[in-house]
Amino acid sequence: MKSQLKIYNTLAREKQVFEPQVEGHVGLYVCGPTVYSDVHLGNCRTFICFDVVHRYLVYLGYKVRYVRNITDVGHLVDDQDDGEDKIAKRAKLMELEPMEVVQHYTNGFHEMMDIFNCNRPSIEPTATGHIVEQIEMVQQILDKGFAYESNGSVYFDVKKYSESYPYGELSGRILEDLRSGTRELDGQSEKKDSLDFAIWKAASEEHIMRWNSPWGEGFPGWHLECSVMSQKYLGKTFDIHGGGMDLKFPHHECEIAQSVASYGTSPVRYWMHTNMVTVNGEKMGKSNGNSIMPDELFTGNHELLTKGYSPMALRFFILQSHYSNNFDISNDALQASEKGYQRLMNAYKVLQGLAYATNGTEVSEAEEQEVQKLIEQCHERMNDDFNTAETIAVLFDMSKKINSYNEKKLPISSISQETFESLKKTFTEFVRDVLGLKEEDAGDSGLTDELIGFILEMRNASRERKDWATSDQIRDKLTELKIQVKDGKEGVSWTVG
RNA sequence: GGUCGGAUGGCCGAGCGGCUAGGCACUGGUCUGCAAAACCAGGUACACCGGUUCGAGUCCGGUUCCGACCUCCA
């Protein structure tokens, strides 16, 4: 009766029914941030989307081991800085220890994830914490004959590998096409083939982050850490590997090659890729210089924005589109989402205070079925490749019902108590546990409640006297303070924002 | 150049062979001392040209425009 979870598997290029490798358990690996600068909104989108994936798997009852790495060994920057280690470069600039830089941005990343209400992963391994394992893997790949040493660096032999295994399957690359498109890069002369990639790189004089290895002092290659750490914590083959689209090639492709080369099996059963955040249609990226930082969104301190938007409004905004589509930021869209978010959370709040009651009205079969269908749809939509946009649409349909019950426009007893409780449970759990949205209150103690309660009592007294001038003055002042007064049939209520 | 993806109403954004997506904005109504909120109702759509089909935003072919990856990137 219940639909099954389907995931769009990048490797298969189609939606597939999700069946975990081990019944009841899911191994989930997500490529984490490179901690040499503050996370921008594009990074946040990916992590928020996978937070929902994680949350929904947990909601479905799976025991999930969620591994998300921290890349704290620098990767090569671009042609402009002679292949200097990113983290080392930043460290010199700021006259700090590399690990100090790493710690600084790791802390910032964690804070941002908390602000966005993202659950912490089960394990958050760092690349620098797994140097030994990475050296071991390099050795294994060498032993299998799929890599060679050159000037203290070790390169993966793509040509050799492609003779035994397919290379480029995930991203749909063809070796010849890749070759024709290659540019001259640093270290190209050390390679046998332009397509070969470093799995261990010899450290130059000024390179601060360096470790001893059988091939001399150096640091691990760009793609190795994920292969090593996913295998260590999730096994040689695990269920889901996620990351941004831009990692598909070469990062994920190389990961597959490394794993296959060292122990012969493909590491991942379902590959998931989130699409990019764009600004005016252009990909947001560190190197594009068009990054919008979360703080700029919160404060509104950005040329694109007329005002600030709360973290939860932003989270809601992100979840209103599907993770696989690109996602353009604009002030108008944000504004629309903010309003929608407030409407949804208002219904959430109303529902929490709503109790079932029979008032002699008979249960309507049509209403009963309609509500039950909505409940079912929530699950169906999430099961359809985590379609949060559609799920939210269903939640809005539910909101209409909830508000109608609350306003007594529709008798709550038009549905059975059982259905009502089921609606309440589903709506609450989907908003709070699956989508990870939470109410954003003024954030202080009960004092505010008490004070506003008192002020509203005063206003009611003046209203009873028909002293409209005073009552309006109170309401206007509260509105000015961003407190909205709502005169309902059952008395007065208020909300912030 | 190669590979892949996209073009949906005033804005955002789902859907992808027939069944109202949804949100925001707008209009009318209910409620209210007036408002707000809430509720009800309403309109506007699938880039272009062909084709397949009883029926196509939805499938196929072509055209135009846009983007991503091929180099670190979520």
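Just so we're on the same page: letters track the sequence lines, and every chain starts at 1.
Two rings, from A:H379 and A:F430, have their centers less than 6.0 Å apart. Between A:F109 and A:F47, the ring centre distance stays below 6.0 Å.
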_Per-nucleotide protein contact string for nucleotides 27-33 of chain B (B base, S sugar-phosphate only, - none; heavy atom under 4.0 Å)_ = ---B--B
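Side-chain proximity of A:A336 to B:G13, B:G23, B:A74: nearest is B:G23. Taking every side-chain heavy atom of A:W222 into account, B:C72 is the closest of B:C70, B:C72, B:A25. Counting only heavy atoms from C-beta on, A:E407 has its side chain closest to B:A37 among B:A14, B:A74, B:A37. Here the side chain of A:T274 is nearest to one of B:C69, B:A74, B:G15, namely B:A74. Between B:A36, B:A74, B:G22, one nucleotide has an atom nearer to the side chain of A:T34 than all others, and that is B:A74.
In this entry B:C65 has B:G6 as its Watson-Crick or G-U wobble partner, both defining distances falling under 3.5 Å. B:U32 makes up no base pair with any nucleotide shown, lacking Watson-Crick or G-U wobble contacts both under 3.5 Å. Base pairing of B:G1: its partner is B:C70, meeting the Watson-Crick or G-U wobble criterion (both donor-acceptor distances under 3.5 Å).
Taking the O4'-C1'-N9-C4 or O4'-C1'-N1-C2 dihedral as appropriate, B:G17 has a value more than 90° from 0 and is therefore anti.
Residue-to-nucleotide contacts include no donor-acceptor pair under 3.5 Å from the side chain of A:K248 to the base of B:C4.
Comparing A:N325 and A:F396 by the nucleotide of RNA chain B whose heavy atom lies nearest to each, the residue mapping closer to the 5' end is A:N325. Of the two residues contacting RNA chain B, namely A:A389 and A:L41, the nearest-nucleotide position lying further toward the 5' end is that of A:A389.
Taking atom CG of A:N280 as the reference point, atom P of B:C66 lies 15 Å away to the nearest angstrom.
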